[in-house]
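Quick one: structure below, then a few questions.
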Amino acid sequence: MSSGTDFLLNPVVLRGFSGSLHLVLLFGVFGSWVCQRFKMGNREGSKERFKRTRSLYYKQTPICCMGVCVFSLVLCLLNYFYWYRNGWSDEELETLLDLALRTLAWGAVCVYLFNLGRPKYPFLLRVFWGLYLFISFYELVIDVVLYRKHVNLPVQYLVSDVVSVVTGLFLCYVGFLGENEGVDAILEEPLLNGNSNASNESESNKSKGGENVTPYSNAGFFSILTFSWLGPLISAGTKKTLDLEDVPQLDPSDSVFVGFPSFRNKIEAECGTISGVTTLKLVKALISMAWKEIILTAIFCVMYTMASYVGPYLIDSFVQYLNGQRNFKNEGYVLVSVFFSAKLVECLTQRHWYFRVHQVGIRTKSVLIAMIYNKGLTLSCQSKQVHTSGEIINFMTVDAERVGDFSWYMHDIWMIFVQIVFALLILYKNLGLASIAAFLATVLVMLANVPLGAVLEKFQDKIMESKDKRMKVTSEILRNMRILKLQGWEMKFLSKIMELRKTEAGWLKNFLYTNAVSSFLFWGAPTFVSVISFGACILMGIPLESGKILSALATFRILQEPIYNLPDTISMMVQTKVSLDRIASFLRLDDLQCDVIERLPRGSSDTTIEIIDGNFSWDLSSSNQTLKDINFKVQHGMRVAVCGTVGSGKSSLLSCMLGEVPKISGTVKLCGTKAYVAQSPWIQSGTIEQNILFGKKMEREKYEWILEVCSLKKDLEILSFGDQTLIGERGINLSGGQKQRVQIARALYQDADIYLFDDPFSAVDAHTGSHLFKECLLGVLSSKTVIYITHQVEFLPAADLILVMKDGRITQTGKYNDILKSGTDFMELVGAHEKALLALDSVEAGSVSESTSMSKEVGNMSSTNGVAKRQENRDVETCKTDDTVGTKGQIIQEEEREKGKVGFSVYWKYITMTYRGILVPFILFGQVLFQLLQIGSNYWMAWATPISKDVKPAVSSSTLLIVYVALAIGSSFCVLLRSLLLAVAGYKTATQLFSKMHYCIFRAPMSFFDATPSGRILNRASTDQSAVDLNIQYQVATFAFSLIQLLGIIAVMSQVAWQVFIIFIPVIAICFWYQQYYIPSARELARLVGVCKAPLIQHFSETISGSTTIRSFDEESRFRETNMKLTDTNSRPKFNIAGAMEWLCFRLDMLSSITFVFSLIFLVSIPEGVIDPGIAGLAVTYGLNLNTLQSWVIWNICQMENKIISVERILQYTSIPSEPPLVIEENRPDQSWPSLGEIDIRNLQVRYGPHMPFVLRGLTCTLPGEMKTGIVGRTGSGKSTLIQALFRIVEPAVGQIMIDGINISLIGLHDLRSRLSIIPQDPTMFEGSVRSNLDPLEEYTDKQIWEALDKCQLGDEIRKKDGKLDSTVSESGENWSVGQRQLVCLGRVLLKKSKVLVLDEATASVDTATDTLIQETLSQHFSNCTVITIAHRITSVLDSDMVLLLNNGLIEEYDSPARLLENKSSSFSQLVAEYTYRSNTS
C-alpha cells in the first residue's frame, strides 16, 4: 500500500484534523458571541422580524449538541482512566485532545444556540455541521476498513464514530433542509404583515390554553416517547407564572364530554336505569371505558418487571467476570450493554406505565363526577334528606378522587405474583432448593397483611364516616355564619365541629399508629426473607458465594417494593371498594317521580294547569299526607292567588305543579313552559347579567325593559360594575329585596307560558312590592298564566281565582268578593288585614285623594320625595372609589393563590409545629441508623462469603448468619422507632393545623365570609386537611429518607471506585438543573389544581341548593354541561402535572443510567485483581437502584413542594384578620346591662372597607329605652347597615353607639351580642332537633322551651310530631315552611328575653294574621324592652313609639308616627298614603 494511502488511513491524522476543526469552531463561536454583545441594539430589531420563523426541530438542536458534548466528556474520562493505568501512546494522547476539544466546542455551540434568540442558524455553523458529518462518515469507513484488515481497534472508536454520524445527519437535516421552511416564512412575512401588532396579538391568543388542545394530541412517536410534547409548557413556566389560560385543553379522548356519554350508555345497557346500578356493574362500566389503556399499561408493567430483574440475574456473572472468569472476548462490554439496555427498557416502560394510569385515573374521576352531579340534579326530596349537600359534595371530592387514584394500584395485585415468580426463578438459579424457603417466607409476609389490611380498612371507613359528619356540619355553619355571629353562637358551633373532629382524630390516630406498625413489618420483610433463605442454604449445605448472595439480595430488594406496598395496595383496594359502594348506593337513591306531571304539547289546550283528585306527600312512608284532595283547573291567561296561614301547604301546592312532591294518587296536567320564583331566593355566583339571562341569549332591548320593570335600574347605577357586578355566594352582597327582584327578572326574561311565584313580594318594601305587582303581574304577564302565593291581602282582589288553603286542603276557591262572603278561613286572613288598616283610618280621609295622583307618579318613578334608591348595606362592598378600577372592586375576588417558590417558612412551620420540631432529629437519626445497619449487613455478606467454591470462607456459616440476623433486627427496630415518631409528629401537626385554621375562620369578620365562597373554605377543610392528615408527613419524610438512601449508595459506590464522582457530580448538577427548570411549572400547576377545584365544588353546591329552580326552568342540560366544563378545567392541570412529572423522571432516569453505565465500564476496564470482586458486586447491586433512587429523590422534592401547598393554603387561613375580642375582661358590663335599653347614636359613619364610600353618613339620634322604634326607608337606604353596626358586624369608621351609657365598641363582642336579640330577615334553622334549634347553648329547661313554643303558636304543631322537642330538623330546616322557621326564630328571642330586640323584616314570610299574632306576642312579652323594627309592612311600625326614616344613609325624619302623619308633606305620610291607596284600590 502506498504511503499516500497509509496517510489517508492513519487514525492519528484524522483525530488531529478533527481536533483542529473543533478548535476553529470554538474560536468561531466565541468570536460570534463577542460580536453579538456589541450589536445587541441592532439584534433587538431583527428579533421581531424572525419571531415567527421557527425552523424544524429548533428546540431539539441544542439538546443534540449537549448530547454530543456529554458523550465526548464521558468517552474522554473513560479513556483517560483506562490509559492512565496502562500507559500512553501518541495516538491515545491525540485522541484525548480531540475528545477534550469536542467537549468544549459542542458545549459552546449548545450555549450559543440556547442564547441565539432566533432559530436561523448562522451560515458558518451549518458549514461546520456539513464538514463534521463528512469527517465522521469518513472515520467510520476507515474503522470498517481497518477492522476487515484485522487491525485491532479500541471498541470506543467505533461507538464514537457511529454516534458522530447519527448526530451529524440530524444536524445537517436541520441546518439545510429544515431551514428552508424558516426562510420562506421570512420572505412572506413583510407581504403578510400589514399590521404586525394585530397578527402578533392573534398569535398570542391562539396560544392560550383556553383555545388550543394539548400538543399530546398530535405529537410524533419520538415526542411521545420522551414526553417532549410538554416542553413548551414547562419552558413557559420558567419565564412567567403559569395561569389557567397557559394550560392547554385536554385531548378529546381525555375529556369528560367524550368519556361520559359512552360510560352512561354502558351503565344503562347493563342496568336499565342508573338507579339499578350495583358496585360490580359500576366497575365493569369503568373497565370497559378504559380497557385499551388498562391492557397497554399491563404490557408496560410486565416489560418493566422483566427489565428490572435483568440486573439481579446478571450480577453473579458480573462478579465472576471481575474474578477473572471470561467466557468470550469483550464479555464485560456485552454485560454492560445488556445492563444498559435493560435500564433503558425499564425507564421507558415505567414512565409510560405511570403516565397512562394517571390518564385512566383522570378519565375515571371525571365520568364519576359527572355521574354524581347528574344524580344530584334529579334526586327526590326524600333522597336529599338521606344525604345532605355536604355529603354529596364528599362523594365528588373524596370518593370519585379515590377511585381515580386507584388506577395507580390497579396492576399491583397481580403484578406481585408475576414479580414473585421471576424472583423465585432467579433465586432457584442462585440458591437452588433454598428458594422454596424464600417463597414460603414471602407468602408468610404477605399473609400477615390480611389482618393488618382489615384493621386499616376499618379505621379508614371510620375516618371517612366521621369526616362526612364534620363536613356536613361545617357546610351548614358556613352558610349561616351571619346568624351565628348575630346571636353570639359561633364559638359554641366551633366546639361542635371540634367535638366531631375529636372523634375523627381518634380514628386517625389509630390509623397512623397501625400504619407505623405495618411500616415496621414491611421494611423488615426483605431482611426476614433473606435471613430465612440464607439460613435454609446453610442447613441444606448449599454453598454461599458472594455473587449468588448479591444476586439474591438485589432480588429481595426488588421484591421489597411490592411487598412493602402490599398494605397500601390492600388499603387502597379497600378504600376504593368503600368509595365505589358509597357512589353506587348514592346512584341507587330514588329520583323524582317522572310521571307526576302529564305534559301536554304547547298550545294544545286552553287549560294550562289541571289537578284532579291530587294527593301528595313529601314523605311517602308517613300516614299524614302533605296535600289532600286537590282539585282545580286554570285556564290560559288566568291569575290565580294562593293564600292561607303559615304551614297550610301553599308552597307544597306550587311544588306539586313543578313535579317536586311525590304523588300518591290523582292527575296533574301541564300545558306550556314554566318559570318559577322561589320564596327563598336562589342566586348563582356570577354577574347580575348572567343570573337574569340564565342561559338565554342577550336581547338588549328586552333585557333593558325587564330591568326597568323590576326596578333594578337604580340599583345597577349605584354598583361600580353595573350588571357586571359579581354576586357573592347565595347572593351574599345583595339585599333580600334585590335578590328577589333579580329572581323575578330571571323569570320574566324566560318568556314562559306559566309563572309560579312563591310569595316574591314579602322581601321588598311596600312601594317596590306595589310597583312589581302592577308592572309584572298586571302588566308584562297579563297574557300569561300566573299562580302566586301571597300573604299580602291587598294583592288578592286582582286575581281571577283565589285558592284558600288550610291543613293541606283547598278549603275555598273563587273570586275575592265571592269567597269573602262564603267562608271563615278567608275571612280570618282579610279580617286581620283590615284590623291592621284601622290604624290608618285617621290618615285615609286626608291623604287618599292627595296621594292618588302621587302614587301614579310613584308607579313610574323609582323615587319619591327625592329619596333616591341606594345600594343597600352589603352591596356597597362592590362599590369602589374612582381611583380604583378593574375587577379589584368586585366583592368576590379570584381565589388567592401564592405565587413562586413555596417559602422555606412553610416547611419550617410545618416541621416545628409539634413540640417545636424536637422529634425531627430523632426520626432522621432512626433512618440514618437503619441505612447504616442495612449497608453493614449487606457489606458483611459480600465480604464474608467466598467469590467461588474454590476459595475458603472468611468466617464460619453460623457466625455469618448470627451477625447478619443481629444487624437485620437492629435495622428493623430503627424503622419501628422512626415510624412511630413520624406517626406522632404527623398526627399532632394535623390536629394543630386543623384547630388553628378553624379558630381563625370562626373568628374572622363577616366581610371575610361575604367575599369568600364557602367552596374555598370547604376545600381547605376537606381536601387540604385530608392531605395534612394522611399524606404530607409521609411525603416530607420520604424525601428525607430517600436522600439518606441515595447518600448511602453513593458512599458504597465510591468505596469501590471514587472516580465515579467525576461523572456523578456533573450528572447530579444536571439533575438539579432539570429539577429547577421543571419545578416552577409543576408548582403553579399544583396550585392551579387547588384553585380549579373550588369552582367545581361551588357549582355543585349551588346546583344542589337550587335544583328546584334549575328543573323548573328546564335548564338541567346547561348545568350538566357547565359541570363537565369545570371538570375538564380541573383535569387540565392534573393531566399536565402527570406528564410533566414523567418528563422530568424520564430525563433523570437517563442521566442516572449514564452514571451507572459509566461505573460499570470503569469496573470492566480496570485490570483484574485491583479491587475485591465481591465488594465491586455490592456496588453494582446498589447501583442497580441508583437511577430509581436518584429520580426518586428529585421526584420527592417536586412532589413534596406540590403537596406542601395544602399546608400553605391552610396557613393562609390561619392568618385571617380577626374580629375584635369576644370578651374584654377589664371592660365587662354588669350582668343586668342593659337595664333600660336606651340607644344613643352619635355621628355614626359606617363603610364596608377603607376605600369604599360611606353607607351611613353621620347619624345622630337617641332611640329611647323600653320603647318601640320603627325604621323605614326605601331599599338601600341603610336600614340593615344600622342594625349591623349595632351588633358590630361592621365597625363604625367614625362616631359611636352607646347603650345605657356604655360605648359598645369598648366591650367584648360576646358581651354585646349575647345581650341583644334579633329575628333576622332570612329565618335560619340548623340540622338537629327542635330543642337544639331553640336552645343551642343548652341554657334552658324543657318547660321553658315549651312555654316559648306556645307563645309563638308552634306548641300544638310540635306536640303532633312523634319526637316532640326531639323532632328532626333537616339541613337548613327544609322540612319546615319558611313561616314556621320564622316562628322558631321568634321562639329563640322569647327564650332569651333580652332588653333590646331587633326585628329585621321579621314578618316578611308570614301571612297578615300570623304577623298580627307575632306583633301581639311581642307587645305582650317585650312591653318593657327596647324594640327596633325594620319592616316593609307599614302596619308593623304604626304602633311604634318612634319612627326613624332613613334616606341615602342619612336621617330624613325621626319622630312619633302621629306627629309625622300630621305633616302631610312628610316622607312617612307619603309612604303610609301609598300603602293605604294600594290596599284600597287592589
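Below, each value reflects all heavy atoms present in this structure, side chains not excepted, and no hydrogens, waters or symmetry copies.
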Practice prompt. Write down the atom of Asn510, the atom of Thr514, and the distance for their closest heavy-atom approach.
Written response: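 What the structure gives for the nearest pair is O-OG1, 2.6 Å.
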
Worksheet, complete the sentence: Residues passing the salt bridge (Lys or Arg N to Asp or Glu O under 4.0 Å) test with Arg363, sequence neighbours excluded, are Asp254, Glu293

Practice prompt. With sequence neighbours excluded, tell me which residues meet ring pair (Phe, Tyr, Trp, His ring centres under 6.0 Å) with Phe1100.
Written response: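 Only Tyr373 meet the ring pair (Phe, Tyr, Trp, His ring centres under 6.0 Å) criterion with Phe1100.
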
Worksheet entry | Minimum heavy-atom distance Ser288-Lys266, with the two atoms named |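 Result for this residue pair: OG-CD, 2.8 Å.
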
Worksheet item: Could you walk me through whether Ser1022 and Lys467 pass the side-chain contact (heavy atoms from CB on, under 4.5 Å) check?
Response: CA-CA 8 Å; Ser1022 69; Lys467 184 183 172 184; 3.9 Å; yes

Worksheet item: Glu401: what forms a side chain to side chain donor-acceptor pair (under 3.5 Å) with it, not counting sequence neighbours?
Response: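 Partners of Glu401 under the side chain to side chain donor-acceptor pair (under 3.5 Å) test: Lys1093, Lys1134.
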
Discussion item. Between Phe300 and Tyr354, is the ring centroid distance below 6.0 Å?
Written reply: no

Worksheet item: Roughly how far, to the nearest 0.5 Å, is the CD atom of Glu476 from the OG1 atom of Thr474?
Response: 10.0 Å

Item to complete: Report yes if some heavy atom in the side chain of Gln249 is under 4.5 Å from a heavy atom in the side chain of Arg1132; otherwise report no.
Response: yes

Worksheet item: Do Lys365 and Thr1127 have side chains that get closer than 4.5 Å, going by heavy atoms?
Response: no

Worksheet item: Got a sec, which residues hit side-chain contact (heavy atoms from CB on, under 4.5 Å) with Lys472, two or more places apart in sequence or on another chain?
Response: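 Counting only residues at least two positions away or on another chain, Lys472 forms a side-chain contact (heavy atoms from CB on, under 4.5 Å) with Thr388, Glu391, Glu1327.
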
Practice prompt. Sequence neighbours left out, what passes ring pair (Phe, Tyr, Trp, His ring centres under 6.0 Å) with Phe263? Give chain and number order.
Written response: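 Expected list: none.
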
Worksheet item: Can you name the side chain to side chain donor-acceptor pair (under 3.5 Å) partners of Ser255, sequence neighbours left out?
Response: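 By the side chain to side chain donor-acceptor pair (under 3.5 Å) rule, Ser255 matches Asp1128.
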
Fill in: Set of residues satisfying salt bridge (Lys or Arg N to Asp or Glu O under 4.0 Å) with respect to Lys375, sequence neighbours excluded
Asp591

Discussion item. What's the separation between atom CD1 in Ile267 and atom OG in Ser262, rounded to the nearest 0.5 Å?
Written reply: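 Reported to 0.5 Å precision, the distance equals 10.5 Å.
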
Practice prompt. Starting at CG of Leu250, measure out to OG of Ser217 and round the result to the nearest 0.5 Å.
Written response: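 The CG atom of Leu250 sits 9.0 Å away from the OG atom of Ser217.
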
Discussion item. To the closest 0.5 Å, what do you measure between CD1 (Ile392) and CG (Leu379)?
Written reply: 5.5 Å

Item to complete: Could you pull out all residues at least two apart from Phe520 that satisfy ring pair (Phe, Tyr, Trp, His ring centres under 6.0 Å)?
Response: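 Here the qualifying residues are Phe973.
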
Worksheet item: Run the side-chain contact (heavy atoms from CB on, under 4.5 Å) check on Ile1205 and Glu1208 step by step: do they pass?
Response: CA-CA 5 Å; Ile1205 288 166; Glu1208 181 186 58; 4.0 Å; yes

Worksheet item: Phe227 vs His352 aromatic rings, parallel, tilted or perpendicular, using cut-offs 30° and 60°?
Response: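 Answer is parallel, since the angle falls under 30°.
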
Fill in: pair Asp581-Lys577: side-chain heavy atoms closer than 4.5 Å
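Side chain of Asp581 against side chain of Lys577, heavy atoms only: contact under 4.5 Å found.
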
Worksheet item: Lys1125: what forms a salt bridge (Lys or Arg N to Asp or Glu O under 4.0 Å) with it, not counting sequence neighbours?
Response: Glu1121

Worksheet item: Just wondering, do Asn1136 and Pro248 contact through their side chains at under 4.5 Å, heavy atoms?
Response: yes

Item to complete: To the nearest 0.5 Å, tell me how far Ile372 CD1 sits from Asp399 CG.
Response: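 So the CD1 of Ile372 and the CG of Asp399 are separated by 7.0 Å.
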
Worksheet item: With sequence neighbours left out, which residue pairs that include part of residues 1025-1036 fulfil the salt bridge (charged side-chain N to carboxylate O under 4.0 Å, His left out) condition?
Response: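 For residues 1025-1036, and leaving out neighbouring residues, the salt bridge (charged side-chain N to carboxylate O under 4.0 Å, His left out) pairs sorted by first residue read Arg501-Asp1029.
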
Worksheet item: Atom CG of Leu282 and atom CZ of Arg588: how far apart are they, to the nearest 0.5 Å?
Response: 9.5 Å

Worksheet item: Where the side chain of Arg470 meets the backbone of Leu500, is there a donor-acceptor pair that is under 3.5 Å apart?
Response: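 No, Arg470 side chain to Leu500 backbone: no donor-acceptor pair under 3.5 Å.
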
Discussion item. Run the salt bridge (Lys or Arg N to Asp or Glu O under 4.0 Å) test against Asp405 and tell me which residues pass, sequence neighbours left out.
Written reply: none

Worksheet item: With a 6.0 Å cut-off on ring centres, are Tyr987 and Phe511 close enough?
Response: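 Not close enough - the centres of the two rings lie 6.0 Å or further apart.
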
Practice prompt. Please assess Lys292 against Leu296 for the test side-chain contact (heavy atoms from CB on, under 4.5 Å), listing each intermediate value before the final yes or no.
Written response: CA-CA 6 Å; Lys292 288 178 188 169; Leu296 186 63; over 6 Å; no

Worksheet item: Considering residues at least two apart in sequence or located in another chain, which fulfil the ring pair (Phe, Tyr, Trp, His ring centres under 6.0 Å) criterion with Phe1119?
Response: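 Here the qualifying residues are Phe694, His1099.
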
Worksheet item: Within a strict 4.5 Å, meaning less than it, do heavy atoms of the Val403 and Leu580 side chains meet?
Response: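 Result yes, sub-4.5 Å side-chain heavy-atom pair found.
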
Worksheet entry | Heavy-atom pair with the smallest gap, counting every atom of Ala298 and His411 |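 Closest pair (atom of Ala298, atom of His411, distance): N-NE2, 3.5 Å.
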
Worksheet entry | Note: Lys469-Glu504 ion pair, threshold 4.0 Å (strictly below) |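 Salt bridge: no.
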
Worksheet item: Are there more than 12 heavy atoms of other residues, nucleotides or ligands under 6.0 Å from atom NZ of Lys281?
Response: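 It does: Lys281 NZ has more than 12 such atoms within range.
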
